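The model shown is predicted, which means the values in this text are computed figures rather than measured ones. Every chain is numbered from 1 and lettered A, B, ... according to where its sequence line falls, protein lines coming before strand lines.
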There are 2 protein chains.
Amino acid sequence: MGKHQHHEHQGESLADAARANLEKSGEKWTDTRAAIFEALAGFSRPASAYDIAELVSTARGKRVAPNSVYRILDLFVANNLAMRVESANAYLANSHPGCEHDCIFLVCDTCGEATHIDDELLSQQVRKVAKNQGFSSIRPVIEVRGICQKCT
Amino acid sequence: MGKHQHHEHQGESLADAARANLEKSGEKWTDTRAAIFEALAGFSRPASAYDIAELVSTARGKRVAPNSVYRILDLFVANNLAMRVESANAYLANSHPGCEHDCIFLVCDTCGEATHIDDELLSQQVRKVAKNQGFSSIRPVIEVRGICQKCT
DNA sequence: GAGTGTTAAGATACAACATATCATTTTCGA
DNA sequence: TCGAAAATGATATGTTGTATCTTAACACTC
Ligand SMILES: [Zn+2]
Ligand SMILES: [Zn+2]
Ligand SMILES: [Zn+2]
Ligand SMILES: [Zn+2]
């Protein structure tokens with residue numbers, strides 16, 4: 001848990017929060033977006049765009065093309081409703097949309113589960129290292145691959 | 001630069017160091033491996049397996065299949081002759097093979113160049129966060145995407 | 001309500017990244 | 001030289017991601 005307060009939403013409540021957040025940015029909460037968010041939030045592990053496309057297609061009885069999923073996931077990431085786990089080529093729903101910070105993901109190489117950590121101090125240090133090298137528009141990618149406790 | 005001393009090899013010298021290191025592990029320095037290492041070391045940015053396959057194939061006038069390149073890159077990574085940049089799906093030659101540490105990569109979204117940083121303190125903190133969560137076999141992935149000084 | 005512009009989503013194709021499997025060649029010791 | 005083991009090749013296929021164009025939905029004006 002980070003150093004600041006925030007709700008960890010789930011289920012209905014999470015979708016509502018996501019919707020509110022997206023609409024606050026002037027974007028629409030369409031049926032397709034709702035379906036994709038629901039699917040994403042339903043996964044307990046990082047889900048690939050193709051995982052989501054398949055699930056949503058089945059659930060709605062109507063095909064959603066992967067490129068549409070990518071578009072919407074990009075929108076979600078840009079608006080902080082979801083995060084991309086780079087080392088897994090996959091996405092996670094943000095359980096506290098609207099709360100912006102650099103996330104740290106611990107990904108289990110055995111079960112695929114990802115633990116989401118916030119550590120402002122640590123991520124600020126990473127940003128600082130990059131800034132010292134003259135970087136701008138900094139986006140830290142802090143992940144750890146390993147074996148989780150359950151799988152040990 | 002890290003807190004410890006090490007040579008930053010280049011060209012012939014780098015290949016020699018890589019070779020020595022690989023052979024120390026009981027692995028062979030074959031022609032194909034030498035060619036792939038040379039190609040990899042010749043790139044100034046992280047190179048994909050397919051980039052390398054193409055370059056080596058052309059240079060030798062004999063096709064190297066991508067899967068062979070992947071195999072050899074995996075071997076290089078396992079023996080610390082190369083590093084994989086996760087957020088770029090690409091590889092970099094290790095300019096000080098044999099020196100083992102968690103690398104930090106700053107990758108420019110504009111020009112693709114990657115700056116390699118070592119910060120033992122920082123990477124240890126990341127390891128610690130994972131350890132606190134019960135993770136084992138920890139492999140930190142610390143990268144920063146952004147715009148480099150040159151491209152600003 | 002018809003016309004018009006804008007945004008969202010679909011269809012399709014393809015590019016890029018990665019692995020699986022089996023065959024062939026090379027290496028090296030017995 | 002023979003046979004086993006390791007390295008590489010050939011080929012196929014799986015997975016991830018983008019480009020381009022079309023169609024559908026929506027809102028706004030007239
Ligand atoms: Zn938070
Ligand atoms: Zn696990
Ligand atoms: Zn070092
Ligand atoms: Zn740059």
Side-chain angles (χ1 to χ4, degrees), chain A residues 19 22-23 25-40 43 45-79 81-82 84-92 107 109 112 145, chain B residues 19 22-23 25-40 43 45-79 81-82 84-92 107 109 112 145:
Chain A
R19 172 180 191 157
L22 196 59
E23 290 180 336
S25 308
E27 299 286 353
K28 286 165 204 157
W29 187 253
T30 66
D31 288 352
T32 309
R33 289 172 185 184
I36 287 177
F37 188 84
E38 187 189 9
L40 177 62
F43 281 95
R45 317 166 211 283
S48 78
Y50 282 78
D51 291 340
I52 294 166
E54 191 181 331
L55 186 59
V56 170
S57 295
T58 303
R60 302 200 310 174
K62 182 186 163 194
R63 179 180 125 93
V64 185
N67 63 343
S68 295
V69 177
Y70 274 108
R71 269 194 297 241
I72 291 173
L73 287 173
D74 286 349
L75 180 78
F76 286 175
V77 170
N79 288 276
L81 270 59
R84 179 175 163 86
V85 183
E86 292 292 345
S87 71
N89 298 328
Y91 299 81
L92 276 177
V107 184
D109 289 327
R145 306 297 312 217
Chain B
R19 171 178 192 159
L22 197 59
E23 291 180 335
S25 309
E27 299 287 352
K28 288 164 204 159
W29 187 252
T30 66
D31 288 352
T32 309
R33 290 173 184 182
I36 287 177
F37 188 85
E38 185 188 10
L40 176 63
F43 282 94
R45 317 167 211 284
S48 77
Y50 280 78
D51 291 341
I52 294 167
E54 191 182 331
L55 186 60
V56 170
S57 295
T58 304
R60 303 200 308 173
K62 180 186 165 195
R63 179 179 125 94
V64 185
N67 64 342
S68 295
V69 177
Y70 274 107
R71 268 194 297 240
I72 291 173
L73 287 174
D74 285 350
L75 180 77
F76 286 174
V77 170
N79 287 277
L81 270 59
R84 177 175 163 86
V85 183
E86 292 292 345
S87 72
N89 297 329
Y91 299 80
L92 276 177
V107 184
D109 290 326
R145 306 297 311 217

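DNA chain C is contacted by both D74(B) and I72(A); I72(A) maps to the nucleotide lying nearer its 5′ end (nearest heavy atom per residue). Map K28(A) and P66(B) each onto its nearest nucleotide of DNA chain D; the residue landing nearer the 5' end is P66(B). Mapping N67(B) and R33(A) onto DNA chain C by nearest heavy atom places R33(A) at the nucleotide closer to the 5' end.
Atom CD of E23(A) is separated from atom P of dC26(D) by 14 Å (rounded to the nearest Å). Rounded to an integer number of Å, the gap from E86(B) CD to dA16(C) C1' is 16 Å. Distance CH2 (W29(A)) to P (dA8(C)): 14 Å, rounded to an integer number of Å. Taking atom CD of residue E27(B) and atom C1' of nucleotide dA6(D), one finds them 10 Å apart after rounding to whole Å. Residue D31(B) contributes atom CG, which lies 11 Å from atom C1' of dT26(C) at whole-angstrom precision. Atoms CD1 (I52(A)) and C1' (dT15(D)) sit 15 Å apart, rounded to a whole Å. Per the geometry, NZ belonging to K62(B) stands 16 Å off P belonging to dT24(C), to the nearest Å.
How far CZ of R60(B) is from OG1 of T32(B): 4.5 Å, rounded to the nearest 0.5 Å. Distance check, rounded to the nearest 0.5 Å: CG of L81(A) to CG of L92(A) gives 13.0 Å.
When the shell of 6.0 Å around CD of E38(B) is examined, it contains 12 or fewer heavy atoms from other residues, nucleotides or ligands. Counting non-hydrogen atoms of other residues, nucleotides and ligands closer than 6.0 Å to CD of E27(B) gives a total above 12.
For the pair T30(B) and dT8(D), the criterion of a side-chain N or O lying under 4.0 Å from OP1 or OP2 is met. In this model, the phosphate group of dA18(C) is approached by a side-chain N or O of Y70(B) to a distance below 4.0 Å at OP1 or OP2. An OP1 or OP2 oxygen of dG10(C) is reached within less than 4.0 angstrom by a side-chain nitrogen or oxygen of R60(A). Distances shorter than 4.0 Å separate none of the side-chain N or O atoms of R71(A) from OP1 or OP2 on dT20(D). Phosphate contact (OP1/OP2 of dT11(D), side-chain N/O of R63(B), threshold under 4.0 Å): absent.
For dG14(D), the base has no donor-acceptor partner in the side chain of Y50(A) [N/O atoms by modelled type, under 3.5 angstrom].
Using cut-offs of 30° and 60° on the angle between ring planes, the pair F76(B) and W29(B) is parallel.
Among the atoms of the strands shown, only primed sugar atoms or phosphate atoms (P, OP1, OP2) are found under 4.0 Å from some heavy atom of N89(B).
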